[in-house]
Each structure stands twice: as structure tokens, then as C-alpha cells.
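Given the structure is predicted, the values throughout are model-derived calculations rather than measurements. FYI, the numbering just counts along the sequence from 1. In listed order, ligands and their atoms are each counted from 1.
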Amino acid sequence: MNLLKRATFIFSERPLSLALGSFPTKQSSLTKTNPPATLSSRPRRSKKRFANMSLEKLMEKFLEQSMEAEDNFYRLEEQRLQAEDKRREEEHSRELQMLQMLGQIFAGIRAPSPAPQATPQPSCTPQTKTAVPPTRPPFGNGNHPPALTEFASHSQPAGPGLLMEEVIERSFSLGTAAMDNVIPLLRNTIPPLTSKKHKGQDGRIGIIGGCQEYTGAPFFAAISALKVGADLSHVFCTKDAAPVIKSYSPELIVHPVLDSPNAVEEIEKWLPRLHSLVVGPGLGREDMLLKNAKEIIERSKLRGIPIIIDADGLWLVAKEPSVIQGYQRGILTPNFMEFTRLYEAMHHEPLDSTDHKRSAQQLAIAMGHLTLVLKGEEDIITDGKNMLTCSQEGSGRRCGGQGDLLSGSLGVFAHWAFSSPPDATKGMNPSLVAAFGATSLTRQCNRQAFHKHSRSTTTSDMIQEISSAFKKLFES
Ligand SMILES: NC(=O)C1=CN([C@@H]2O[C@H](COP(=O)(O)OP(=O)(O)OC[C@H]3O[C@@H](n4cnc5c(N)ncnc54)[C@H](OP(=O)(O)O)[C@@H]3O)[C@@H](O)[C@H]2O)[C@@H](O)CC1
Ligand SMILES: Nc1ncnc2c1ncn2[C@@H]1O[C@H](COP(=O)(O)OP(=O)(O)OP(=O)(O)O)[C@@H](O)[C@H]1O
């Protein structure tokens, strides 16, 4: 009876696990080379061997073999997918390099001698001094002269044994300079849309969040990732949040596992297939969920996956900074409240709220130079060494969920930036470039949505604007 139950389970589970895989699962070589033996094709010897076995024993034997075959199938399929991903990524790098070379050739043809510039280019930016190969037209209409501001006026200690001057190399003061300097770098990282790619290559993003109270936040983050250009967006949420999130959109792959007893193992299975992770939108603050999120962060770090931590994920970091401290592919996206909490947890003193830039740098340094995005009237992006500020015009509308749009899109930009060759970002920290892309995009969406809906603007309206905002900022 038990065996029969087991058989039903196995066979009913099989199509489900293939569907959940959501990556093209072709017939593996194993299934091709070892087709299931039918009674007629089996050698006589085995007929004899099995002749004296009870039906139950036979069934058991059969199940053992089929389970073994299934395990082998998935193992081989996993290997094949990994090899294919690697090959595609190499192909993508080669394509980018070729595009850049072509850009350089065209630039040489068009401008044999460098044109004199009305305003001197940033002199303190070794990365930006080298001209970005014009693989795409430069951003903006050229009416804004680049205005790079040195940020070396602080003389207070920045951390144990460090002076601010030692850690602050430069600061782009935005609207103009960072737009002109960083957007071209971001453009270099955006994968070209070609017919040579398969589903998944432009990004498989995972969102860790979604619980009984909060289903909107993970949805906003996940759908934003898709709209920015990821191919697949997975949400790992609690069991009761899953049907709700699924019902918002058929585009998302939703895993109701975050509160299951083996949540970490269930999610870890997916990590080899994910390109970046966004932890926190709608996660809630239940101990068990935070504990699972912590373990997933630890395991993702081992795989070098870019990790964006937002919302309740930052609550976890404030409690246990070591979970992400020093991880160079980690990006924190606090609002001012979350920032204050983090700062005070790290520095054990009240935040001096008169100088946000300085406090942000101090926190980034204390966190081991990971990238911090302090959201607000102007977004401050720093890894403790470099600072970008984004004051792209948004609007006065502050509906909930805008931060989720930001963190979801950042998941995609971070994957693109980290998987591009280093010269795509001209040596600039890929996290900074990615964060600048996400803040600019969020604010532009806000601006466009507000233009249409004014006081009624919601995050869903902003998400509708992602396509045209992306084009305007990065493809025009
Ligand atoms: N539709 C959904 O499902 C959405 C779900 N969401 C999810 O909700 C969860 C909790 O996130 P959270 O941000 O509300 O939590 P928390 O840190 O306790 O802040 C609460 C208090 O902090 C303050 N405050 C906030 N911002 C501030 C600022 N800039 N500057 C100053 N103060 C500021 C403010 O305090 P007040 O104004 O009341 O004094 C506010 O009431 C999280 O999982 C998130 O993802 C959201 O994504 C939205 C859409
Ligand atoms: N005062 C402001 N003026 C202009 N833009 C702002 C202002 N405050 C926040 N933003 C923009 O709104 C976006 C989200 O920031 P916000 O502070 O609302 O995040 P959040 O509180 O984490 O969001 P969520 O509601 O998703 O939790 C950021 O891109 C930020 O630039």
C-alpha cells in the first residue's frame, strides 16, 4: 500500500518538478541512451531472476531503478544547463567586446582628432578619463556641462585608522555629471537583444520575501525585474502569500517555501540557476523567516551571487551585520528610517542627520565597503570610496512600493554589471553603476507616472512606465 502511495507520489510529482524547473529541459543523453526497458526487450536471464520475486519486491526494485534514473537525469540536466550558461556568458562577453571594438573603430573614423571640450572633463576620475567606447549614442543633449565635485572636505575619522580624505577619492554630483559619466557605463552592461539567446540568459532573478501581511512588495520587485529585462523572476515566499502573489501575475514563478521546515534546502536548489537575489521586500520580521533569509544569504555569498538587501532584509542586517559585511557583491538599499537603524547598530551612537553623505560613507566603510544606496530627496550611492548622487527629477508622490521597484530593477542591473567584462564599467565598481541605473530609472518612472496620474500615482502606474523610462534613459 505504501509502495503504491509512493509510486503515485513519484509519478504525480514528475511533471510538476519539470514545470517548476522553468528552464528548457530537453531529453537528456541519459534518457536517450538508457530508455526504460520494456518486458519484451529485457534479456531472458532477468526474467528468470525476477520470476521468484513477489509483486511487492518487483515493484520496489522497479521504483528503486526509476528513482535512480530520475536522479541521474536531473544531475545530468543540471550539468548541461550550467555548461550552457557558461558558454552563453562567454559568448555574451565576446559580443560586447566586439561591439566595443567596433565602437572604437567608428569613433576613430568619425573623430580623427579629439574635439576641444567647452568644460573640462572630470580630472580626478581615472576610470572616466578614458573615453567610454561609444557603443551607443551619448546620453543627453549636451546642454549640461559635466560638473564633478571633489568630496574631500571632510577631515573626520572615517573608521578605525582611516581619515575621510583617504577613503574618499571622488564624488559625482548628479543631475549632470553622473548622468554623463555613469549612464554610458551602464549602457555598456546592458545585454544586446539578439536572436541568438535562449530564455534565462538575460537574467534569472530571485526575490526572497512575501508573507501573510505583505504580498505587494515582492510582486513589485519581481515584476519590475522582468520589465527591466530579466527573463525569469522567481519569488520565494511563505505558503499563504504564494497564491496571492501568483494571482497578481502569471509572469512570476512563485515558490511557497519560505516558511517550510526545509526552506533553506528548497531554495538552495535554485541558487545555481539564479543570477542575483533581492532579499527583503515584504519579508516580514518573524524570527523563523529572518533566520531562513540569513542562511540563504550565506549560501548565496558562497556562490558569488549579487545580493540586494532591502526593507526587512535590512532589519536582519541591523541585527546581524556580519551576514553581509564585506561582501563586495552586496548592495544595501535603505530608506532614511532603515539607514538610521543600520547606522546606529554599527556605530553605537545616534546618527548625525545633518550630513547624509558623510554618514552614508561612514556606514559603507563600516560595512566593509559594500555599496549603499541611501534613498531620499537625492539618492546617495557610495561604497565608501566613491560617491554618486542621483537627483533625477521624480515627483512629490511617495506611495509605498517605489523602493521595491528600485530593488527589483537593481537585481537585474547588478547581474548585468557583474557579468560584463571589467572594461564595460571602465574599472568602476559594478555595484555603483548598477545602483545608479536603478535609482535613475525609479525616479524617471515616478516622474512619468506622476505626469499622467498626479496625486493618484501608484507603484503599479510607475511599473507601467518602466519600458519607456528605460528607453529614454538608456537607449535613446
Ligand atoms: N504593498 C506592499 O505590500 C508594500 C509592502 N512594503 C513592505 O512593508 C514592510 C515594512 O516596510 P516599512 O518601510 O513600512 O517599514 P519600517 O522600516 O518599519 O518603516 C515604517 C515607518 O518608518 C518611517 N519611515 C519610512 N520611510 C521613512 C523615511 N524615508 N524617512 C523617515 N521615516 C520613514 C515611517 O514612520 P512614521 O512616518 O510613521 O513616523 C514608517 O511608518 C517591508 O517588508 C516592505 O517591503 C513596502 O514595500 C510598501 C509596499
Ligand atoms: N523626497 C524624495 N524626493 C524624490 N524622490 C524620493 C524622495 N524620497 C524617496 N524618493 C525616491 O523614491 C524611491 C523609493 O524610495 P523610498 O524612500 O520610498 O523607499 P522605501 O521606503 O524603501 O519604499 P517602499 O515603500 O517600497 O518600502 C527612490 O528611488 C527614491 O529616490
Side-chain angles (χ1 to χ4, degrees), residues 174-175 178 207-224 228 235 237-238 240-241 244-245 247-249 258 278-286 289-290 293 308-319 331-345 351 353 356 359-360 372-381 388-411 413 434-450 457-463 465-466 469 473:
L174 193 124
I207 313 291
I208 308 289
C211 62
Q212 197 181 25
E213 293 92 338
Y214 307 122
T215 53
F219 165 75
F220 291 143
I223 200 80
S224 299
V228 164
V235 178
C237 58
T238 62
D240 46 9
V244 184
I245 298 171
S247 75
Y248 297 151
S249 165
L258 201 50
V278 181
V279 182
L283 175 64
R285 292 174 191 171
E286 242 184 66
L289 299 180
L290 294 176
I308 289 78
I309 305 194
D310 187 30
D312 299 321
L314 295 167
W315 177 268
L316 166 67
V317 176
K319 284 172 124 193
I331 307 178
L332 309 183
T333 57
N335 62 26
F336 187 67
M337 187 72 163
E338 290 153 349
F339 177 77
T340 308
R341 213 179 277 138
L342 277 175
Y343 184 95
E344 293 178 356
L351 170 71
S353 58
H356 289 181
S359 307
L372 192 88
V373 181
L374 170 53
K375 298 174 288 193
E377 190 173 353
E378 79 176 348
D379 294 321
I380 298 169
I381 303 164
L388 305 168
T389 57
C390 179
S391 41
Q392 171 89 359
E393 189 184 336
S395 82
R397 180 74 174 122
R398 299 268 69 80
C399 53
Q402 298 182 33
D404 306 316
L405 192 165
L406 193 154
S407 58
S409 54
L410 182 49
F413 286 125
F436 190 78
T439 53
S440 312
L441 183 74
T442 307
R443 298 171 79 103
Q444 179 68 23
C445 288
N446 183 270
R447 179 187 181 175
Q448 291 181 196
F450 187 77
T457 302
T458 62
T459 297
S460 299
D461 300 323
M462 288 171 58
I463 288 168
E465 298 299 322
I466 290 179
L473 290 174

* Backbone N or O of S395 within a donor-acceptor pair of the N446 side chain at under 3.5 Å? -> yes

* Do side-chain atoms of Q392 reach the backbone of T439 as a donor and acceptor pair under 3.5 angstrom? -> no

* What distance separates S359 OG from L342 CG, expressed to the nearest 0.5 Å? -> 12.5 Å

Distance dump, ligand 1 polar atoms to protein, N/O, under 3.5 Å:
unit_1, atom_1, unit_2, atom_2, d
ligand 1, 3 (O), G216, N, 3.2
ligand 1, 3 (O), A217, N, 3.1
ligand 1, 17 (O), R285, NH2, 3.4
ligand 1, 17 (O), R341, NH2, 3.2
ligand 1, 18 (O), R285, NH2, 3.1
ligand 1, 26 (N), N335, ND2, 3.4
ligand 1, 43 (O), G282, N, 3.0
ligand 1, 43 (O), D312, OD2, 2.4
ligand 1, 45 (O), G282, N, 2.9
ligand 1, 47 (O), D404, OD1, 3.3
ligand 1, 47 (O), D404, OD2, 2.8

* Backbone N/O of M462 and side chain of T457: donor-acceptor pair under 3.5 Å -> no

* Structure fact -> For ligand 2, protein residues within the heavy-atom limit of under 4.0 Å are N335, K375, G376, E377, D379, R398, G400, G401, Q402, G403, D404, L406, T442, R443

* **L289 versus L283, closest heavy-atom pair with distance** => CD1-O, 3.4 Å

* Judged by atom type as modelled, is there a donor-acceptor pair below 3.5 Å linking the side chain of T333 to the main-chain atoms of I309? -> yes

* To do: State plainly whether the residues D310 and K375 are in salt-bridge range, i.e. N to O under 4.0 Å.
  => yes

* Asked: Taking all atoms of both residues into account, what is the closest heavy-atom pair of G280 and A311, and its distance?
  -> O-CB, 3.6 Å

* Give a yes or no answer on whether the side chain of Q402 reaches the backbone of R397 with a donor-acceptor pair at less than 3.5 Å. => yes

